[in-house]
Amino acid sequence: MADTIFALSSGAPPAGIGVIRISGGDAATALSALAGRLPEPRRASLALLSDPSDGAPLDRALLLWLPGPGTATGEDMGELHCHGGRAVVAAVERALGRMAGLRRAEPGEFTRRALANGRMDLNAVEGLADLLAAETEQQRRAALLMTEGHFSRRIEGWRLRLLDLSAMAEAALDFSDEDDVPDAAIEARIGEGIAALAEDVAQVLAAPSAERLRDGVRVVLAGPPNAGKSTLLNALVGRDAAIVSDVAGTTRDRIEVPAALGGVAFLFTDTAGLRAEAGDAVEAIGMDRARAAMDAADILLWLGDPDALPREDAVPIAAQSDRMDHRGHPGLKLSALSGEGMDALAHLLLEKAAALLPRVGDYALHARQRQGVTALFRYLGQAGRQADLLMLAEDLRQARRAIDTLTGQAGTEDMLDRLFAGFCIGK
């Protein structure tokens, strides 16, 4: 990371302001070359920017000089707050690109430098990625908690407790003959400490997944042909996403439509109608896919016979109440055309989703984080069952390695390449 990098970190032009960030050892030289001086650290300063190659004026902009290591990347940084027109931004970037030692940043490179220099850990980086991609209020809140280090602070607490337990185990092993080490009670204290830590880890492991929060709670509409599934799907997502017809078998494959209700992301799936005999091979495949979708559903809305619920937790729906007699039907009566019962259905979906998603003030774990926490929990469980102190100490060492993986201090290079490839250039 010897190069000094630069990139537009604000929105694409045209915009009111274009913020160009510079990070690296030559950041001060670049600012001085453009403005003719280096401004006072951490104080905004107005200056006329000029192209160092020919002295031509570029723009009048605000400058910020941010000497490291107390910066976003841990390096010397500069910021140019220019006018956000395309020509202005392009001219300033051309001037920077002609300077020796400077180059355009790659996607996520500013954040990667922050990770390498200890300004962020891997969990904060993943939280930032989620924050940039957030589309719902719930996604934003959970991502911000991760970015601000709530999970990382909990991990640090685990690490400190593990170090204490490991120190106690080593003391029991190495100095058990010394008078100042109470070996009679130390093993019991280690066991109690492991059990308490494992309980705390288990609580985090039981938290909802970030994938469900990001991709949406999977709501599957299922039932026989012409039960009103496609009409209901269209009403839920607010547009004609599925073809509606009186002809049985119109929906031949799954139709997945993302939508937000009450600030919560959902993925609604319309499925092929289920009946005893398929009309042809294509319909049979559609029915098989419908059953697979039903098995994977977080919430299953069943528009068929209430006595034939495919799952115990399926929600019976008495659809088409504007033209069907549903007397005696135990399910929610609604009409997607007239709107009857639609508010009640939305309330029911949000109520069920609340049990599947992080509560307000909670973060959610990605698959990588869940894998690391699972490994930590497994090693703690093994340690708690060990009768041999030497084996117990080894399990605690493996638990500390699992924590290093969680924070990005071990075994993450390939994963980082994939993660930062999804970032925008200015991050």
Side-chain angles (χ1 to χ4, degrees), residues 120-127 141-143 145-213 354-412 415:
M120 301 176 72
D121 73 357
L122 187 54
N123 299 300
V125 170
E126 289 176 316
R141 288 195 301 261
L145 288 171
M146 188 65 72
T147 304
E148 292 295 310
H150 287 248
F151 180 50
S152 296
R153 285 191 287 274
R154 193 159 191 175
I155 293 174
E156 177 62 14
W158 292 346
R159 189 183 70 84
L160 294 175
R161 291 164 69 179
L162 267 175
L163 287 174
D164 288 343
L165 291 168
S166 295
M168 292 168 64
E170 295 297 336
L173 282 168
D174 297 338
F175 306 108
S176 58
D177 294 333
E178 301 291 334
D179 293 337
D180 59 347
V181 178
D183 56 357
I186 194 169
E187 292 188 36
R189 287 164 50 201
I190 293 172
E192 292 169 0
I194 291 173
L197 179 55
E199 183 178 353
D200 193 17
V201 172
Q203 290 178 359
V204 172
L205 198 57
S209 71
E211 286 74 22
R212 180 182 281 137
L213 180 62
L356 301 169
L357 296 174
R359 297 169 297 178
V360 175
D362 285 350
Y363 43 77
L365 301 186
H366 281 277
R368 181 200 69 84
Q369 294 165 326
R370 188 172 296 280
Q371 184 179 16
V373 176
T374 300
L376 173 60
F377 184 74
R378 183 174 66 252
Y379 288 124
L380 288 173
Q382 291 176 188
R385 294 188 296 271
Q386 291 289 1
D388 186 332
L389 268 178
L390 186 62
M391 297 301 296
L392 182 150
E394 173 61 19
D395 285 330
L396 292 181
R397 187 182 71 82
Q398 293 293 342
R400 297 200 305 275
R401 289 189 61 186
I403 283 185
D404 289 341
T405 301
L406 274 171
T407 57
Q409 298 179 28
T412 59
M415 187 278 299

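Sequential numbering from 1 along the given sequence is applied to the chain's residues.
With no hydrogens or angles considered, no side-chain donor-acceptor pair links Arg153 and Asn123 at under 3.5 Å. The closest side-chain donor-acceptor pair between Ser152 and Asp121 falls under 3.5 angstrom. Side-chain atoms of Ser166 and Arg400 form a donor-acceptor pair, as typed in the model, at a separation below 3.5 Å.
Considering every non-hydrogen atom in both Ala393 and Glu170, the closest pair reads CB-OE2, 3.8 Å. Across all their heavy atoms, Asp362 and Pro358 have their closest contact at O-CB, 3.9 Å. Nearest heavy-atom pair across Met168 and Ile186 is O-CD1, 3.3 Å. Residues Gly372 and Ala402 come closest through the heavy atom pair O-CB, 4.1 Å. Heavy-atom minimum distance, Leu365 versus Arg370: CB-NH2, 4.1 Å.
Under a 4.0 Å N-O distance rule, the pair Glu394/Arg397 qualifies as a salt bridge. Using a 4.0 Å cut-off between a side-chain N of Lys or Arg and a carboxylate O of Asp or Glu, Asp404 and Arg159 do not qualify as a salt bridge.
Residues Thr405 and Gln371 have side chains not in contact (no heavy-atom distance under 4.5 Å, counting atoms from C-beta outward). Counting only heavy atoms from C-beta outward, the side chains of Leu406 and Leu122 never approach each other to under 4.5 Å. Proximity of Glu156 to Ile403: side-chain heavy atoms (C-beta onward) are nowhere separated by under 4.5 Å. Using a 4.5 Å heavy-atom cutoff, the side chains of Arg154 and Tyr363 are in contact. You'll find the side chain of His366 stays beyond 4.5 Å of the side chain of Met146, heavy atoms only. A 4.5 Å side-chain heavy-atom check between Val204 and Trp158 finds at least one atom pair inside the cut-off.
Remark: Ile194 CD1 to Leu392 CG distance equals 4.5 Å, nearest 0.5 Å. Taking CG from Leu357 and CZ from Arg212, the interatomic distance works out to 7.0 Å, rounded to the nearest 0.5 Å. In this structure, the separation between CG on Leu380 and CG on Leu396 is 7.0 Å, given to the nearest 0.5 Å.
Note on residues 373-382: pairs passing side-chain hydrogen bond (donor to acceptor under 3.5 Å, both in side chains), not counting sequence neighbours, are Gln382-Asp395.
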